[in-house]
Amino acid sequence: MSSATLGNRNTNHKAIVAWIEETAKACQPDRIFWCDGSAREREALIAEGVKQGVLIKLNQEKWPGCYYHRSNPNDVARVEQCTFICTESPEEAGPTNNWAPPREMYQKLGGLLAGSMRHRTMYVIPYLMGPPGSPLTKMGVELTDSVYVALNMGVMTRMGQVAYDHLGDRDHFNRGIHTMLDVNPDRRFICHFPQDNTIISVGSAYGGNVLLGKKCLALRIGSYLGRKEGWMAEHMLILGVESPAGEKTFVAAAFPSACGKTNFAMLIPPAHFKGWKIWTVGDDICWMKPGADGRLYAINPENGYFGVVPGTNSKSNPNAMKSIARDTFFTNVALTPDFDIWWEGKDGPAPSQCLDWRGNPWTPASKEKAAHPNSRFTAPMRNNPALASEVDDPNGVPISAIIFGGRRAATMPLVFEAFNWAHGVYVGATMGSEMTAAAVGGLGQVRRDPMAMLPFAGYNMGDYFAHWLHMRKRIARPPRIFHVNWFRKDEQGNFLWPGYGENMRVLKWIVDRCHGRVGASEGPLGWMPRVEDFDFTNVREFGAEQFAKVQAINPEEWKRELVSQNELFVSLHATVPKELIFERELLVSRLMP
Ligand code: SAT
Ligand code: MN
């Protein structure tokens, strides 16, 4: 390769340079651009994006520093059928993942990568998942031919020189290669090689498929490394609850994609909760490790929010509105003639005309949605007025409670607490949720989504449960484990719980349980708040009768639920830990004595 194509190389790390040269030789980009993460560079990349037509500059008075992007209509969500875990044996990947032999997959991808960046620029993106200096933090380098990916990685990660500095001359870094090809679903592969700490993604340009630090490194490769190295990579938000007395309690919560993690992480307590405050540590991913004091400590490896736009407004999530108010990329929302943007569920009336997410003319009379249901914002977390001061703490925050939850119209009560860690692992392992637009296919169907990790576990799900159970031995003071469901409905299809800010009432009970300050009654599912343990002050039209409805355990529904929970265990029979089979037996006998 001639030195002219090497561009502005800014590292001497031998292994990184050698791998980049090797990749460039295969992909043959016209130019290599080495990102340093500076503000000036961001301006230059944005100018390039606008020139290519990949970005549209939004009305800068309304949206300072914000840009608009439309993805290919065939490329709007994660595609699980194109996502592969390439371990040596299929058993290591397990029955819930697509598996391919590494050698075969490398060969196939080699064919697709060959010459794939001709006439294009290859961006070199050094990045950190986690704050610099944290023992949990991981370094990665993503090579991509997409300027949109380079810019979005700049928001979602700590990108640039800081990453080389953190790595120093160590050799432990993630290799990520992304090339768009012709964005053809038939040639779309998102492949993980956990043994090599390598990710190769081709044929897509959308979010979770291509921002390789996020789902690919932080969850799939991360969970694999976590098991090997004794920590946990989870699909969880992290928040801090501050009481009027200044006591801070940190909570991590796993909900599947598009089930309200961002809203919950940015919750604003209702007026009645005077002096209470919620601080956001993270809205999607949580890495946890036991600390010297026997507690579980968590960091948010990300630096930004890649959140669902539709439904975001100043009532549902005021802090998200502030987070996206500047320096944000919007993907697949609707564009108005004056370069404002719109989405279903935005404040104010719909525009009389605009272009929908595909770029087609749209009016309020149109049958189609203006914004894609999985349209996204990419916003810097530093914009969030409720950002926790601990986000850059290399030690992370001590977790007092872990919450599991899904989107369930029936069966699941608003809240209960598991009896102990092993029971909590069972509750997480049997989590179910109605499918959302964050992944292609199956919208609305209930599927088992253990710990919200079904699409993200980088190894056998049964072994993943065993890892959870093993971790208990390494955590002397484990968090309590809870299950919540904000989405239960009555026979008429109305939500039984008001949700949003009112979820603070549930959170308060959870926090008080962690501090041993509030009671509960023992039920078949776990500990449940009694009416007197729960605060209903000023919840509109909500009282003991409503509470009984939203907490009800319906035997017919639970018969079906138990069968459905078991289907997952049957599919994982070879690896599911026997402790969880015992937990199931205990649950059955509590429900049907
Ligand atoms: O598209 S992403 O995978 O990044 C978001 C999500 O599904 O949680
Ligand atoms: Mn997610």
Side-chain angles (χ1 to χ4, degrees), residues 69 71-72 74-83 127 129 142 144 146 148-149 152-153 155-157 176 178 188 190 192 199 201 204-223 233-239 252-266 280-287 300-312 320 329-333 357 371-379 381 403-407 431 433-443 447 449-458:
H69 171 75
S71 74
N72 190 312
N74 75 31
D75 189 29
V76 293
R78 281 181 292 101
V79 265
E80 290 169 13
Q81 63 275 24
C82 307
T83 304
Y127 66 94
M129 298 310 286
E142 177 167 354
T144 176
S146 159
Y148 168 83
V149 169
N152 278 262
M153 285 293 285
V155 178
M156 294 307 296
T157 72
H178 165 245
R188 185 169 295 160
I190 299 100
H192 306 72
I199 306 157
S201 168
S204 172
Y206 178 79
N209 299 329
V210 299
L211 306 176
L212 301 184
K214 193 175 178 62
K215 305 300 181 177
C216 300
L217 171 52
L219 290 179
R220 298 197 189 96
I221 300 278
S223 59
E234 301 300 332
H235 193 200
M236 293 178 178
L237 67 94
I238 310 164
L239 61 78
F255 308 146
S257 301
C259 287
K261 280 199 299 298
T262 306
N263 288 349
F264 193 48
M266 297 182 181
T280 315
V281 180
D283 80 328
D284 194 40
I285 296 172
C286 167
W287 285 355
N300 166 20
E302 300 192 281
N303 198 35
Y305 307 124
F306 187 67
V308 178
V309 183
T312 305
F329 297 102
F330 291 92
T331 301
N332 293 340
V333 294
W357 65 274
H372 189 277
N374 193 38
S375 51
R376 296 271 171 165
F377 54 75
T378 317
M381 72 173 177
I403 305 175
F404 294 117
R407 186 182 281 275
M431 240 172 83
S433 195
E434 288 148 25
M435 286 185 72
T436 67
V440 174
L443 204 71
R447 74 163 176 183
D449 189 352
M451 281 85 169
M453 283 289 279
L454 184 71
F456 306 119

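Both counts, for ligands and for their atoms, begin at 1 and track the order of listing. Residue numbers run from 1 in the order of the sequence given.
With hydrogens and angles left out, the side-chain atoms of Y127 and N303 include no donor and acceptor closer than 3.5 Å. One side chain, N74 or R188, offers a donor N or O that lies under 3.5 Å from an acceptor on the other. Residues T83 and R220 bring no donor and acceptor atom of their side chains to less than 3.5 Å of each other. A donor and an acceptor atom, one from each side chain of N332 and S375, are nowhere located under 3.5 Å apart. Side chains of T378 and N152: a donor-acceptor N/O pair is present below 3.5 angstrom, by distance only.
Using bins of under 30°, 30° to 60° and over 60° for the plane-to-plane angle, the ring pair H69/Y148 lands in the parallel bin.
Distances below 4.0 Å separate heavy atoms of F306 from the following atoms of ligand 1: 1 (O), 4 (O). Near R376, meaning under 4.0 Å from one of its heavy atoms, ligand 1 places the atoms 5 (C), 6 (C), 7 (O). For ligand 1, the atoms lying closer than 4.0 Å to a non-hydrogen atom of K214 are 4 (O). Of all atoms in ligand 1, listed by their number and element, those nearer than 4.0 Å to a heavy atom of Y206 are 1 (O).
Rounded to 10 degrees, the NE2-metal-NZ angle spanning H235 and K215 at the Mn ion (ligand 2) equals 90°.
Geometrically, ligand 1 and N374 share no nitrogen or oxygen pair separated by less than 3.5 Å. Considering backbone and side-chain atoms together, K215 places an N or O closer than 3.5 Å to an N or O of ligand 1. Among the atoms of D284, none of the N or O lies under 3.5 angstrom from an N or O of ligand 1.
Closest heavy-atom approach to atom 1 (O) of ligand 1 among the candidates S257, G208, C259, P256: G208.
Between the OG1 atom of T312 and the CZ atom of F377 there is a distance of 5.0 Å, given to the nearest 0.5 Å.
With a cut-off of 2.8 Å, the Mn ion (ligand 2) has no N, O or S atom of K214 in range.
Minimum-distance N/O/S atom of D284 relative to the Mn ion (ligand 2): OD1.
Of the listed residues (D75, N374, N72), just one forms a side chain to side chain donor-acceptor pair (under 3.5 Å) with Y206, and that residue is N374.
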